[in-house]
Amino acid sequence: MPVIESRLQAASDTFQANRASMLALLGQVREHEARAVAASAASAERFARRGQLLPRERLALLLDTGAPFLPLASLAGLGQDNPDLSRSVPGGGLISGIGYVAGVRCMVNASDSGIDAGALQPMGLDKQLRVQEIALENRLPYVQLVESAGANLMQYRVQDFVRGGNIFRNLARLSAAGLPVVTVTHGSSTAGGAYQTGLSDYIVMVRDRTRAFLAGPPLLKAATGEIATEEELGGAVMHTHISGLGDYLAEDDRDAIRIARSILGGIDWARDEAPHSFAPPRYDAEELLGIMPSDGRRPVDMREVIARIADGSEFLAFSEHYGSATVCGHIRLEGHAVGIITNNGPIDSDGATKATHFIQACCQSRTPIVYLQNITGYMVGRAHEEAGIIKHGAKMIQAVSNATVPQVTLLCGASYGAGNYGMCGRGFAPRFCFSWPNARTAVMGGEQAAKTMAIVMEAGMARKGAVDQSKIDAMQQQVIERFDRQMSVFTTSALLLDDGVIDPRDTRAVLAEVLSICRDADTRTAQPMQFGVARP
């Protein structure tokens, strides 16, 4: 394939300014993530007194040493527990991601019980549902490390109770789809959360620490008058010797993790095939830090991004001179054949037609598609309306919505208006959706929205006989501030509108991993059953 000849000037002032801006944003991401780690680690003394490992220590023992681990939704709930982002603790009370356990690639979901005893934090429910959805769609075994105080009754919301049932439904669906659900219950798993343990195919319990019951001693006494200890009601020995809920009795956290690894190592699950041979990109991934301008209104040649993620920096452009602002073509990425769609400007009728054709061709050849979003939207104006931009844009959205191959989306810059939709935004269910720290998502830019509202407001005032420019200016400033606040990746990722914010330098590795996950999912023959595995 042809090699992209980069024109990037890494020594220029513009590049250096872009790089500094990206590093500053990335620093903020890492600062928020570190706050969650520190908040959990603050419980180390308490965990040590109980003979327990901290959640991240458990996770480190569970995962294969040196194997890749892809964290998911680490900024979930940012700003929702505390509007001061510098004091907010993100993560939703969960540590989630895709990694390898005894050579088996799994979805791992661990209660962050160092924070509020593992109670779900804001967006924790949505995060748990999202990682279950990823596991189902990509045919990944599901490993849970459970220790949770459950819902905070002082902050009870009926909608969370009702939607929480989806967690248990998904566990049943995972098992019925032939995807093993392995659970280590390190501590509490109470009330409805007891089914998080019960709806598992393999259950490991820890002596003197596991607690699994539908009603704990206070609720039991309040409901029936019966008095019982936690151990009598739902301890590990009772469940592994009497009720049959537990399958394995571990002596401590380390022993429990050892057993979980043995379970995954013992199932008949195909391991990864040998890696493909491939050539690395010709250009340094470090340069991805300086490509995207801090001012999103400045144009970018997205081929510069492709040149730094594609094997050998090779790119075979599709219909290069037709609808040229919409860039389509083929690359290989760590040996994976991939279709790329990205933007060097708004999508016009020709670009939408080309993208539609390209998506259909990728489906015909079973080639997965990666969307590199930097899109301000579809073209507007009388000439474009006459050219049929609505019908051509709708045609593209039809193709995106019904594509039969895996689609992966990366928000590299702007993601505005219907461009978010046509480029397979979160609402169109890509297999995975990640963002760079500078990504911005909105129905339109803040200044554009403000000007639109100013025109409407001025016309309304004129009809009443007096135009107050000061009120119009104040309104415009409010609109700009509102849009700027909501379009930030620190808001969108907190709301789980992506699967995580990644370092641009890690783009190739992240895309290679998720493409491998998609490939394995589409070639794997699971053993679906009519029902999930039931307890004895």
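Sequence positions, counted from 1, serve as the residue numbers for this chain.
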So do [Y] and [X] actually touch side chain to side chain, heavy atoms under 4.5 Å?
X: D520; Y: R139; result: no
X: L129; Y: R163; result: yes
X: S40; Y: R56; result: yes
X: T240; Y: R207; result: no
X: L125; Y: F161; result: no
X: Y142; Y: S200; result: no
X: V184; Y: Y202; result: no
X: F69; Y: L59; result: yes

Check: [X] side chain, [Y] main-chain N or O, donor-acceptor pair, under 3.5 Å:
X: D311; Y: G335; value: yes
X: S111; Y: E147; value: yes
X: D201; Y: V182; value: no
X: R261; Y: L62; value: yes
X: Q132; Y: I167; value: yes
X: E57; Y: L54; value: yes
X: R440; Y: M487; value: no
X: S175; Y: L171; value: no
X: K127; Y: L496; value: no
X: Q407; Y: V400; value: yes

Practice task
Output the distance between atom CD1 (I203) and atom CD1 (I259), rounded to the nearest 0.5 Å.
Solution key: 13.0 Å

Exercise for the section: List the steps and the verdict of side chain to side chain donor-acceptor pair (under 3.5 Å) for R105 and S516. Expected result: CA-CA 10 Å; R105 184 155 46 197; S516 177; 3.0 Å; yes

Exercise for the section: Could you go through the side chain to side chain donor-acceptor pair (under 3.5 Å) check for T185 and T197 one step at a time? Expected result: CA-CA 7 Å; T185 306; T197 293; 3.0 Å; yes

Hey, is [atom1] on [X] packed in by over 12 heavy atoms from elsewhere, all under 6.0 Å?
X: R46; atom1: CZ; result: yes
X: Q159; atom1: CD; result: yes
X: F428; atom1: CZ; result: yes
X: R169; atom1: CZ; result: no

Fill in the blank from the handout: Heavy-atom nearest pair, A36 first then I115, reads O-CD1, 3.7 Å

Practice task
Indicate the ring-plane relationship of H32 and F490, choosing parallel, tilted or perpendicular according to the 30° and 60° boundaries.
Solution key: perpendicular

Handout entry: Near-ring test F358/H330, centroid separation under 6.0 angstrom
Key = yes

Practice task
Only one of D522, T409, D499 passes side chain to side chain donor-acceptor pair (under 3.5 Å) with R431; say which it is.
Solution key: D522

Practice task
Any chance you could lay out the side chain to side chain donor-acceptor pair (under 3.5 Å) test for R173 and N170, step after step, and finish with the verdict?
Solution key: CA-CA 5 Å; R173 293 172 65 209; N170 286 340; 3.1 Å; yes

Practice task
State whether D252 and R254 are salt-bridged, where the test is any N-O pair (Lys NZ or Arg NE/NH1/NH2 against Asp/Glu carboxylate O) under 4.0 Å.
Solution key: no

Handout entry: Derivation of the side chain to side chain donor-acceptor pair (under 3.5 Å) call for S88 and N82
Key = CA-CA 5 Å; S88 175; N82 190 321; over 6 Å; no

